[in-house]
**Student:** 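Dumping the structure here so I can ask a few things about it.
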Amino acid sequence: MKAALLVALALALSGAAPPRPPGDPAFGSYWHDGKAEIDGYRYTLTRYGQPRRGQAVAVYVTEPFSRSKNVKVDDPARNPADTFDVLKLNLVRDFQTGIYDYNTMSSLFVRSADFEPVKVSFSSTEWCGNVYEELRVDPGLVSQRLSSYFENESGAREERRPPGGILEEELLVRLRGLGGEYLAPGARRTVPFLPGSFRRRLTHAPLRWEEATIERLAAPRAISVPAGRFQAMVYSVAIASGPRGLFYVESAYPHRIVRWEWSPAADSDDAGELTGSERLQYWKLHNVGDERYLRQLGLLRGVPTPGPR
């Protein structure tokens with residue numbers, strides 16, 4: 001109880017989140033049930049100046065994490081002083097570009113206690129080659145290790161992390177308000193903003209902080225997506241360099257991301273619409289025939305080819 005009060009006080013002092021909305025369960029009572037939340041999305045992207053279609057999957061799951069090794073812990077009882085609980089988000093984006101396809105994944109790890117990021121990893125694989133990036137996120141520093149098939153891209157660098165700075169990957173966790181609403185209705189906040197690994201990869205941009213204004217619309221909106229009709233909180237995110245995002249967040253718990261969309265249509269601006277959502281022990285569903293669970297998520301076994309719907 002004392003630890004929970006200290007976390008709540010720290011969040012209040014930082015302005016990060018108002019108290020949890022009435023009716024929302026405590027984080028641990030919902031997210032420590034031994035399952036993952038799997039969200040399927042109908043995915044669109046502009047790449048090489050043309051619209052592309054594909055699919056995306058967001059996997060949210062809690063797991064033990066090592067402070068010293070910066071990876072998931074196999075046996076948390078072996079060294080409890082080095083272990084803490086994280087919420088992990090794996091966001092998989094698969095899409096076709098003509099004859100070849102892209103397969104990318106962003107993996108975000110945030111501390112369950114206060115939703116502060118500790119690590120981001122990113123991989124991109126397509127016919128030209130593959131790229132891997134890892135960010136270690138400390139209170140005042142972001143350390144990058146990048147391995148690329150492009151000349152002069154690979155290497156390591158560090159960037160100071162400004163107070164209150166937000167990584168783009170965090171948006172799909174922060175805006176859900178799993179530990180309390182990120183913003184009150186009608187409120188806005190301008191923050192240091194680090195464009196995500198996916199955006200930087202497709203535009204070949206360096207690791208560099210910008211500024212973004214995040215605003216929550218005063219009233220919820222009704223939105224229809226393939227998964228159904230939802231009442232949603234709406235957040236807008238305006239990055240100083242130009243991209244603008246809209247995030248439709250389910251008003252009812254667990255506040256899933258119903259839709260996101262970035263514009264204008266540049267080579268890193270994309271959109272996803274929820275096609276299905278389940279809580280599953282997906283790591284056990286690897287047998288022949290378990291592909292049937294994809295239908296519950298509105299997903300296909302392969303990336304859909306571009307063409308009329």
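Note: hydrogens, waters and symmetry copies are ignored here, and every other heavy atom, side chains too, is used. Heads up: numbering here begins at 1 and tracks the sequence.
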**Student:** I'd like to know if the side chain of E291 and the backbone of G289 have a donor-acceptor N/O pair within less than 3.5 Å.
**Tutor:**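 Flag set: sc E291 to bb G289 pair under 3.5 Å.
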**Student:** For the side chain of R145 and the backbone of Y132, is there at least one donor-acceptor N/O pair under 3.5 Å apart?
**Tutor:**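 No, because the side chain of R145 does not come within donor-acceptor range (under 3.5 Å) of the backbone of Y132.
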**Student:** Please tell me if the side chains of N70 and F109 come closer than 4.5 Å, counting only heavy atoms from C-beta onward.
**Tutor:**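 Side chain of N70 against side chain of F109, heavy atoms only: no contact under 4.5 Å found.
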**Student:** Answer yes or no: is there a side-chain heavy-atom contact under 4.5 Å between Y182 and I214?
**Tutor:**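 Yes. Closest side-chain heavy atoms under 4.5 Å.
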**Student:** Honestly, is R93 close enough over F198, meaning NZ or CZ under 6.0 Å from the six-membered ring centre and within 45° of the axis?
**Tutor:**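 Yes - R93 lies over the ring of F198, closer than 6.0 Å to its centre and within 45° of its axis.
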**Student:** To the closest 0.5 Å, what do you measure between OG1 (T83) and NZ (K69)?
**Tutor:**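 The NZ atom of K69 is 9.5 Å from OG1 of T83, to the nearest 0.5 Å.
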**Student:** If you measure only the distance, is there a donor-acceptor pair under 3.5 Å linking the side chains of S68 and D82?
**Tutor:**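 Per modelled atom types, S68 and D82 side chains form a pair under 3.5 Å.
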**Student:** Is a donor on one side and an acceptor on the other found under 3.5 Å between the side chain of E169 and the backbone of S197?
**Tutor:**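 Checking the backbone N and O of S197 against the side chain of E169, a donor-acceptor pair under 3.5 Å is found.
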**Student:** Could you measure the distance from the CG atom of L87 to the NE2 atom of H32? Nearest 0.5 Å is fine.
**Tutor:**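 Rounded to the nearest 0.5 Å, the CG-NE2 separation comes out at 8.5 Å.
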**Student:** Nearest 0.5 Å, what's the OG-CZ distance between S236 and R188?
**Tutor:**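 Output value for this atom pair is 7.0 Å.
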**Student:** Name the residue from V92, V59, L91, V57 that meets the side chain to side chain contact (heavy atoms under 4.5 Å, CB included) definition with M105.
**Tutor:**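 Exactly one option meets the side chain to side chain contact (heavy atoms under 4.5 Å, CB included) with M105, and it is V92.
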**Student:** Check whether any side-chain N or O of R52 sits under 3.5 Å from a backbone N or O of F95 as a donor-acceptor pair, and report yes or no.
**Tutor:**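 Not at all, since once roles are kept as given, no pair shorter than 3.5 Å links the two residues.
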**Student:** Check whether any side-chain heavy atom of E211 lies under 4.5 Å from a side-chain heavy atom of P162, and answer yes or no.
**Tutor:**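 They are not in contact (no side-chain heavy atoms under 4.5 Å apart), so the answer is no.
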**Student:** So how far is it from L194 CG to L167 CG, rounded to the nearest 0.5 Å?
**Tutor:**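 It is 5.0 Å, given to the nearest 0.5 Å.
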**Student:** Just how far is it from atom CZ of R295 to atom OG1 of T275, taken to the nearest 0.5 Å?
**Tutor:**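 That separation rounds to 14.0 Å.
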**Student:** Is E159 close to Q144 at the side-chain level, that is, under 4.5 Å between some pair of heavy atoms?
**Tutor:**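 Counting from C-beta outward, Q144 and E159 never come under 4.5 Å.
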**Student:** Should R259 and L274 count as side-chain neighbours, where that means a heavy-atom distance under 4.5 Å?
**Tutor:**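 A side-chain contact is absent here, since even the closest heavy-atom pair is not under 4.5 Å.
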**Student:** Distance-only, no hydrogens or angles: does the S277 side chain make a donor-acceptor pair with backbone N or O of D39 under 3.5 Å?
**Tutor:**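 Side chain of S277 to backbone of D39: no pair is present.
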**Student:** Report yes if the side chains of Y248 and E261 come closer than 4.5 Å at any heavy-atom pair, otherwise no.
**Tutor:**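 Yes, at least one pair of side-chain atoms sits under 4.5 Å.
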**Student:** Are the side chains of R279 and E37 in contact, using a 4.5 Å heavy-atom criterion?
**Tutor:**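 E37 vs R279: side chains touch.
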**Student:** So do the side chains of V249 and I257 get within less than 4.5 Å of each other, counting heavy atoms only?
**Tutor:**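 Yes, their side chains come closer than 4.5 Å.
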**Student:** Test salt bridge (Lys or Arg N to Asp or Glu O under 4.0 Å) on E116 and R111; report intermediate values, then the result.
**Tutor:** CA-CA 5 Å; E116 278 293 297; R111 285 196 306 255; 5.2 Å; no
**Student:** Please step through side-chain contact (heavy atoms from CB on, under 4.5 Å) for the pair K35 and Q281, ending with a clear verdict.
**Tutor:** CA-CA 5 Å; K35 298 179 181 179; Q281 291 182 317; 4.1 Å; yes
**Student:** Mind listing the closest non-hydrogen atom pair of P185 and A218 along with its distance?
**Tutor:**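 The answer is CB-O, 3.5 Å.
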**Student:** Would you name the heavy atoms of E170 and G165 that are closest together and state the gap between them?
**Tutor:**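 Nearest pair, atom of E170 first, then G165: OE2-O, 4.1 Å.
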**Student:** Any sub-3.5 Å donor-acceptor pair from D138's side-chain atoms to G140's backbone N or O?
**Tutor:**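 Flag not set: sc D138 to bb G140 has no pair under 3.5 Å.
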**Student:** For the atom pair CG (D101) and CH2 (W127), what is the distance rounded to the nearest 0.5 Å?
**Tutor:**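 So the CG of D101 and the CH2 of W127 are separated by 7.5 Å.
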**Student:** Look only at the side chain of S154 and the backbone of S148, and say whether a donor-acceptor pair between them is shorter than 3.5 Å.
**Tutor:**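 Yes, the answer is positive, given that a donor and an acceptor are paired below the 3.5 Å cut-off.
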**Student:** Hydrophobic clustering (ILVMFWY, side-chain heavy atoms < 4.5 Å, transitive) - are I38 and Y41 grouped together?
**Tutor:**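 No; I38 is not reachable from Y41 via cluster members.
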**Student:** Do side-chain atoms of R47 reach the backbone of L202 as a donor and acceptor pair under 3.5 angstrom?
**Tutor:**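 Checking the backbone N and O of L202 against the side chain of R47, a donor-acceptor pair under 3.5 Å is found.
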**Student:** Out of the candidates F27, Y30, W31, only one should pair with Y253 under the ring-ring contact (aromatic ring centres under 6.0 Å, His included) rule; please name it.
**Tutor:**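 Of all the options given, the one that passes is Y30.
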**Student:** For residues V110 and W260: do they belong to one hydrophobic cluster (side chain heavy atoms under 4.5 Å, members Ile, Leu, Val, Met, Phe, Trp, Tyr)?
**Tutor:**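 In one cluster with V110: W260, yes.
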**Student:** Is it true that K72 and D74 have a side-chain N and a carboxylate O under 4.0 angstrom from each other?
**Tutor:**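 Answer for the salt bridge query: no.
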**Student:** Under 4.0 Å between a Lys/Arg side-chain N and an Asp/Glu carboxylate O for R200 and E168?
**Tutor:**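 Answer for the salt bridge query: no.
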**Student:** Would V191 and L246 show up in the same hydrophobic cluster when neighbours are defined by side-chain heavy atoms closer than 4.5 Å?
**Tutor:**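 Result: yes, single cluster for both.
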**Student:** In terms of side-chain geometry, is the basic nitrogen of R256 or E250 positioned less than 4.0 Å from the acidic oxygen of its partner?
**Tutor:**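 Salt bridge between R256 and E250, a charged N being under 4.0 Å from a carboxylate O: yes.
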**Student:** Is it the case that one hydrophobic cluster holds both V131 and L207, taking links as side-chain heavy atoms less than 4.5 Å apart, direct or via other members?
**Tutor:**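 No, V131 and L207 fall in different hydrophobic clusters.
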**Student:** Looking at E181 and R176, is there a salt bridge between them, counting it only when a charged N and a carboxylate O are closer than 4.0 Å?
**Tutor:**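 E181 and R176: not salt-bridged.
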**Student:** Does a side chain donor of either S263 or R244 reach within less than 3.5 Å of an acceptor in the other side chain?
**Tutor:**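 Not at all, the side chains of S263 and R244 share no donor-acceptor pair under 3.5 Å.
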